[in-house]
Amino acid sequence: MQKFSLMLDSEQAAREVMDLLWDKWGVRGEMELVPMEGHYKLDVVSEKDLSPQQMEKLPGKRV
């Protein structure tokens, strides 16, 4: 299990990351999109661990 959060600039960017994780990389678990002032925070609890290379490919800032 792996937990991480990303800070993204738009809802569209956050949804694109969610699609990448769910549809292309087969990540299962929980994802929560939290609107914040001018940004969106994506909280992910993945049932499988992502590789360091996959984590580097994710846009946004890890928080």
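Nothing here was measured: the structure is a model prediction, and the numbers come from that model. For reference, positions follow the sequence shown, starting with 1.
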Enter the distance from [X]:[atom1] to [Y]:[atom2] here, rounded to the nearest 0.5 Å.
X     : Y     : atom1 : atom2 : answer
Lys48 : Met1  : NZ    : CE    : 14.5 Å
Met55 : Gln2  : CE    : CD    : 5.0 Å
Glu47 : Arg28 : CD    : CZ    : 8.5 Å
Asp49 : Gln54 : CG    : CD    : 10.0 Å
Leu8  : Tyr40 : CG    : OH    : 11.0 Å

Identify whether [X] and [Y] are in the same connected component of the hydrophobic contact network (ILVMFWY, side-chain heavy atoms under 4.5 Å).
X     : Y     : value
Val63 : Val34 : yes
Leu6  : Met31 : yes
Met7  : Leu42 : no

Would you check if [X] and [Y] make a side-chain contact, meaning some heavy-atom pair closer than 4.5 Å?
X     : Y     : value
Val44 : Lys3  : no
Lys41 : Glu32 : no
Leu58 : Phe4  : yes
Leu21 : Leu50 : yes

(message) On a heavy-atom basis, which atom in Ser5 and which in Asp43 lie closest, and how many Å separate them?
(response) OG-OD1, 2.5 Å
(message) Can you pull out every side chain to side chain donor-acceptor pair (under 3.5 Å) where at least one residue sits in residues 12-25? Sequence neighbours excluded, please.
(response) Glu11-Arg15, Gln12-Glu16
(request) Examine distances only and state if a side-chain atom of Glu56 and a backbone atom of Gln53 form a donor-acceptor pair shorter than 3.5 Å. (result)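 Not confirmed, Glu56 side chain does not pair with Gln53 backbone.
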